[in-house]
Amino acid sequence: MAFYDQDVGTLIDEQKLQTRVRELGEEITRDYQGKDLTLVCVLKGSAFFAMDLARYIDLPLTVEFLGVSSYQGGTESTGEVRITTDVSKPMAGKHLLVIEDIIDTGLTMSFLLENLRARHPASLKVCSLLEKPARARTQVQIDYKGFVIEDVFVVGYGLDYAERYRNLPFIGLMKGR
Ligand code: 5GP
């Protein structure tokens, strides 16, 4: 019995997840042929997804990490976002693909896109494993999307509850929430 069995049920199992991540990797491989691709991995949540995705992209690429902290009012994002760790290289002239775990209200991604756009990349696109459209407060174009989910709180595959459960190999639902 795994440590999480009592608290977490499965929403998207490991096989379904990996199949979709592979498909996204193949799509990105086709679209970025001949381009200087930089994956901008948004910490901490998207790290697990980004590393799997990178392995499915058959292109030379660079990985950068961007740490953000969104101020939460309860479980709601307030839209106030702070960059806690910045990328290590200039982003000007690069083809940037921002990798996110989940787009919920869209406020974090809107902030990030505005911030990255100001650095004059050659192009700027978004890849998000999950989208929760029911809670969208601002329109964000998701160029590569893994799954659309209902308005439920998910954990696993990078997503946490109080910093726990990121290491589950699937997307789960907290029981009793
Ligand atoms: P947004 O600014 O789009 O509302 O929020 C995005 C961030 O909120 C995500 O990167 C993630 O950290 C957090 N978040 C939103 N929904 C969930 C969820 O269902 N589970 C977890 N663990 N985090 C979530």
Side-chain angles (χ1 to χ4, degrees), residues 2-14 16-18 20-21 24 28 38-54 63-87 91 96-118 124-177:
F3 78 93
Y4 46 77
D5 281 346
Q6 284 193 331
D7 316 324
V8 186
T10 306
L11 181 66
I12 305 169
D13 69 29
E14 185 173 4
K16 214 171 154 200
L17 205 51
Q18 288 299 326
R20 188 69 192 120
V21 177
L24 290 173
I28 292 164
T38 299
L39 302 182
V40 180
C41 169
V42 183
L43 296 173
K44 301 176 193 169
S46 79
F48 293 72
F49 169 46
M51 298 304 95
D52 278 348
L53 181 68
V63 181
E64 289 289 336
F65 295 95
L66 192 57
V68 297
S69 137
S70 341
Y71 294 96
Q72 303 288 130
T75 53
E76 290 279 314
S77 169
T78 58
E80 217 183 309
V81 183
R82 194 163 49 96
I83 291 188
T84 53
T85 315
D86 207 349
V87 294
M91 298 285 98
L96 304 185
L97 181 58
V98 186
I99 313 294
E100 240 317 9
D101 46 8
I102 186 164
I103 296 186
D104 185 18
T105 62
L107 295 171
T108 306
M109 187 53 75
S110 294
F111 169 88
L112 284 180
L113 290 177
E114 199 178 312
N115 184 289
L116 290 170
R117 208 170 281 125
L124 182 58
K125 285 190 176 183
V126 174
C127 174
S128 183
L129 179 67
L130 304 174
E131 183 194 19
K132 249 191 235 180
R135 289 174 32 99
R137 283 175 54 193
T138 176
Q139 180 104 36
V140 172
Q141 188 187 326
I142 306 174
D143 303 283
Y144 304 94
K145 193 187 302 182
F147 302 89
V148 175
I149 61 167
E150 304 284 306
D151 184 8
V152 287
F153 187 82
V154 288
V155 295
Y157 201 55
L159 289 150
D160 74 307
Y161 174 64
E163 293 298 326
R164 296 292 166 90
Y165 304 112
R166 293 192 197 274
N167 58 330
L168 312 191
F170 59 92
I171 300 287
L173 290 171
M174 296 294 299
K175 289 179 185 166
R177 263 188 66 112

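Every value quoted in this text rests on a predicted model; they were computed, and no experiment measured them. Note that ligands are numbered from 1 as they come in the structure, with each ligand's atoms numbered from 1 the same way.
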Has Arg135 got a side-chain atom pairing as donor or acceptor with Ile103's backbone, closer than 3.5 angstrom? no
Heavy-atom contact under 4.0 Å between Ile149 and ligand 1? no
What are the atoms of ligand 1, with element, lying closer than 4.0 Å to any heavy atom of Glu100? 10 (O)
Subset of ligand 1 atoms that lie under 4.0 Å from at least one heavy atom of Asp160: 21 (C), 22 (N)
Consider every N or O of Val154 and every N or O of ligand 1, then say whether any pair is closer than 3.5 Å. yes
Met109 to ligand 1, any heavy atom closer than 4.0 Å: no
Going by atom types only, do Tyr165 and Asp7 share a side-chain donor-acceptor pair under 3.5 Å? yes
Please confirm whether Gly45 approaches ligand 1 to less than 4.0 Å, judged on its heavy atoms. no
Closest non-hydrogen contact found for Gly9 with Phe170 is O-CE1, 4.0 Å
Could you pull out the closest heavy-atom pair between Leu113 and Leu124, with the gap in Å? O-CD2, 3.6 Å
Please say whether Tyr161 places an N or O atom under 3.5 Å from an N or O atom belonging to ligand 1. no
Could you list which atoms of ligand 1 come closer than 4.0 Å to a heavy atom of Lys132? 16 (N), 17 (C), 18 (C), 19 (O)
What one should report as the nearest heavy-atom pair of Phe153 and Lys132 is CA-NZ, 4.3 Å
Name the residue from Leu130, Asp101, Leu24, Leu159 that meets the side-chain contact (heavy atoms from CB on, under 4.5 Å) definition with Phe49. Leu24
Would you name the heavy atoms of Ile171 and Gly156 that are closest together and state the gap between them? CD1-O, 3.8 Å
Does an N or O anywhere in Val155 fall below 3.5 Å from an N or O of ligand 1? no
Do Asp143 side-chain atoms and Cys127 backbone N/O form a donor-acceptor pair below 3.5 Å? no
Enumerated ligand 1 atoms positioned under 4.0 Å from heavy atoms of Thr108: 1 (P), 2 (O), 5 (O), 6 (C)
Spatial distance of atom CG (Leu53) from atom OH (Tyr144) [nearest 0.5 Å]: 10.0 Å
Quick note on ligand 1: atoms under 4.0 Å from a heavy atom of Val152 include exactly 19 (O)
Gly106 heavy atoms, cut-off 4.0 Å: which ligand 1 atoms fall inside? 1 (P), 3 (O), 4 (O)
Option nearest atom 1 (P) of ligand 1 (shortest heavy-atom distance, choices Val140, Ile171, Ile102, Thr105): Thr105
